[in-house]
Chemist: 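Below you'll find the structure I mean.
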2 protein chains.
Amino acid sequence: MKLSTRGRYGLRAMIDIARASRENEPVSIASIAASQGLSEGYLEQIMTGLKKAGLVRSSKGAKGGYTLGKSPGEITVGEIIRTLEGDMAPVDCVSQAKKGICDRADLCVTRIIWEEVRDAINQVLDKYSLLDLLENEQKLLKER
Amino acid sequence: MKLSTRGRYGLRAMIDIARASRENEPVSIASIAASQGLSEGYLEQIMTGLKKAGLVRSSKGAKGGYTLGKSPGEITVGEIIRTLEGDMAPVDCVSQAKKGICDRADLCVTRIIWEEVRDAINQVLDKYSLLDLLENEQKLLKER
DNA sequence: CATAATTCCTAGTATTTTGGTAGGAATTGT
DNA sequence: ACAATTCCTACCAAAATACTAGGAATTATG
């Protein structure tokens, strides 16, 4: 039950972009990759996913890069993670994408547990927006 | 963020054993594998894990098999799943087993989220005992 | 006491998922 | 014109997962 690097890297990238969103300048893959120590090619694939979901906008060409698709306060960690990792269903039978797989769902006593787990995870993830994270970061910096 | 088959199969096996625990007769790997449609060899490995954790006891030889290590009411889904899947930390830096990996933990704003996720998952899993599941199963059967 | 049924143990292997590379086309600011 | 960028597709390596094989040790039972 580990998150994959897609989700982790993607979230970090989004935080980078959110941080830069004050100046409203696009952030390039190269700069994110450098600041986070990631491979550019791989990060590119992740950004493609985020773009399709509308969480970022992109501008091509020199001085191009990515900007947030909505304001930092409107983008939750949940949206980011679900975009990159799929809905957080611990088993397929409670995944929106793959339901109807189990033939004995009506007699299954574990199903309800997995639904609860899924919902509990999402509830935590949806509680935090990028803005929350930026504010928290400021706090941490001041406390040092 | 999917559970592996170890956790899923193991939980189902434990339910089988719990169901049989009324008669207090050991349940063989062969019979569990048959009833759940699993491979015997693989299930055996899973049972080894459960045994090491004390969740089941085993008796060798003819008429041997597995029995619960504690009463059904004392064994939670959480214990079973954590035994087979490790602590439910979505990232290594909040895993008891592998902490201290991250060098900038003190500045990390995502860490707190992963801790909350981990705790939320465990809270759900620990809420249910095998006894709860058996009782629920009875209810479902009667309602049909 | 022989035998069949079982757990126990170790090693190997196939399959799937994950994480990453490579290379080039299209676009755009300077 | 050209350098910096996103976009796109295909491929590839490593790791994790799910399973298989085979035999040793133990034990109830006829």
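Atoms considered below: every heavy atom in the structure, side chains included; atoms not considered: hydrogens, waters and symmetry mates. Letters A, B, ... mirror the listed sequences (proteins, then strands); counts begin at 1. As the structure is a prediction and not an experimental result, all values here were calculated from the model.
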Chemist: What is the separation between atom CD1 on I29(B) and atom C1' on dT20(D), rounded to the nearest whole Å?
Modeler: 14 Å
Chemist: Are OP1 or OP2 of dC8(C) and a side-chain N or O of K51(B) less than 4.0 angstrom apart?
Modeler: yes
Chemist: Could you tell me whether E79(B) and K70(B) make a salt bridge, using a distance below 4.0 angstrom between a side-chain N and a carboxylate O?
Modeler: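 Yes.
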Chemist: How many angstroms lie between CG in N122(B) and CZ in R82(B), if you round to the nearest 0.5 Å?
Modeler: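 Here the interatomic distance stands at 4.5 Å.
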Chemist: To the nearest Å, how far apart are E40(A) CD and dC7(D) P?
Modeler: 14 Å
Chemist: Looking at R19(B), K142(B), R12(B), which one forms a salt bridge (Lys or Arg N to Asp or Glu O under 4.0 Å) with E137(B)?
Modeler: R19(B)
Chemist: Assess whether a salt bridge exists between E116(B) and K127(A), defined as any Lys/Arg side-chain N lying under 4.0 Å from an Asp/Glu carboxylate O.
Modeler: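 Salt bridge flag = yes for K127(A) with E116(B).
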Chemist: Begin with the C-alpha distance, continue with both residues' side-chain angles, and end with the deciding distance and a verdict on side chain to side chain contact (heavy atoms under 4.5 Å, CB included) for M47(B) and Y66(B).
Modeler: CA-CA 9 Å; M47(B) 294 312 299; Y66(B) 294 90; 3.8 Å; yes
Chemist: Nearest to the Y42(A) side chain among dC8(C), dG29(C), dG19(C), which nucleotide is it?
Modeler: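 Selected nucleotide (nearest to the side chain): dG19(C).
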Chemist: K52(B) NZ to dC9(C) C1': how many Å, rounded?
Modeler: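 In whole Å, dC9(C) C1' lies 10 Å from K52(B) NZ.
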Chemist: Taking for each residue the nucleotide of DNA chain D bearing the nearest heavy atom, is the 5' side occupied by M1(A) or by M47(A)?
Modeler: M47(A)
Chemist: Can you tell me how far apart CD (E115(B)) and OG1 (T110(B)) are? Round to the nearest 0.5 Å.
Modeler: 10.0 Å
Chemist: Between S39(A) and dG20(C), is there a contact of a side-chain N or O with OP1 or OP2 at under 4.0 Å?
Modeler: no
Chemist: Using a cut-off of under 3.5 Å, enumerate the N/O to N/O pairs linking the protein to nucleotides 10-15 of chain C.
Modeler:
none

Chemist: Report the distance from atom CG of L3(A) to atom P of dG19(C), rounded to the nearest whole Å.
Modeler: 9 Å
Chemist: Any chance you could encode DNA chain D as dot-bracket? Rule is Watson-Crick or G-U wobble with both distances under 3.5 Å; [ ] for pairs crossing earlier ones, | for another strand.
Modeler: ||||||||||||||||||||||||||||||
Chemist: Would you say a side-chain N or O of S4(A) is under 4.0 Å from OP1 or OP2 of dT18(C)?
Modeler: no
Chemist: Is the phosphate of dG19(C) approached by Y9(A) (side-chain N or O, under 4.0 Å from OP1 or OP2)?
Modeler: no
Chemist: Look at the side chain of S21(B) and the backbone N and O of N24(B), then say whether any donor-acceptor pair between them is shorter than 3.5 Å.
Modeler: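 Side chain of S21(B) to backbone of N24(B): no pair is present.
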Chemist: For the side chain of A62(B), counting heavy atoms from C-beta on, which of dA28(D), dG29(C), dC19(D) is nearest?
Modeler: dA28(D)
Chemist: Could you state the atom-to-atom distance from CG of L50(B) to C1' of dC8(C) in whole Å?
Modeler: 15 Å
Chemist: Want to settle it: does R6(A) or A30(B) sit nearer the 5' end of DNA chain C, counting the closest nucleotide to each?
Modeler: A30(B)
Chemist: Please report, rounded to the nearest Å, how far the C1' atom of dT7(C) is from the CG atom of L43(B).
Modeler: 12 Å
Chemist: How do G41(B) and K60(B) order along DNA chain D: which one's closest nucleotide is nearer the 5' end?
Modeler: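 This one resolves to G41(B).
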Chemist: Considering just the side-chain nitrogens and oxygens of S28(A), establish if one lies under 4.0 Å of OP1 or OP2 belonging to dA4(D).
Modeler: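 The answer is no; no side-chain N or O of S28(A) sits under 4.0 Å from OP1 or OP2.
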Chemist: To the nearest angstrom, how far is R8(A) atom CZ from dT18(C) atom P?
Modeler: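 Rounding to the nearest Å, CZ of R8(A) and P of dT18(C) are 13 Å apart.
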Chemist: If you check the K63(A) side chain, which of dT29(D), dT30(C), dT6(D) turns out closest?
Modeler: dT30(C)
Chemist: Given 3.5 Å as the limit, does a donor-acceptor pair link the side chain of E85(A) with the main chain of G7(A), or not?
Modeler: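 Judged by distance alone, yes, a pair lies under 3.5 Å.
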Chemist: Any salt bridge between K139(B) and E135(B), counting N to O under 4.0 Å?
Modeler: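 No, this pair does not count.
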Chemist: Measure the distance from CZ on R57(B) to C1' on dT6(C) and round it to the nearest whole Å.
Modeler: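 It works out to 19 Å between those atoms.
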Chemist: Any salt bridge between K2(B) and D92(A), counting N to O under 4.0 Å?
Modeler: yes
Chemist: Quick one: label S59(B) by what it contacts on the DNA or RNA (base, sugar-phosphate, nothing), any heavy atom closer than 4.0 Å.
Modeler: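 Touches sugar-phosphate only.
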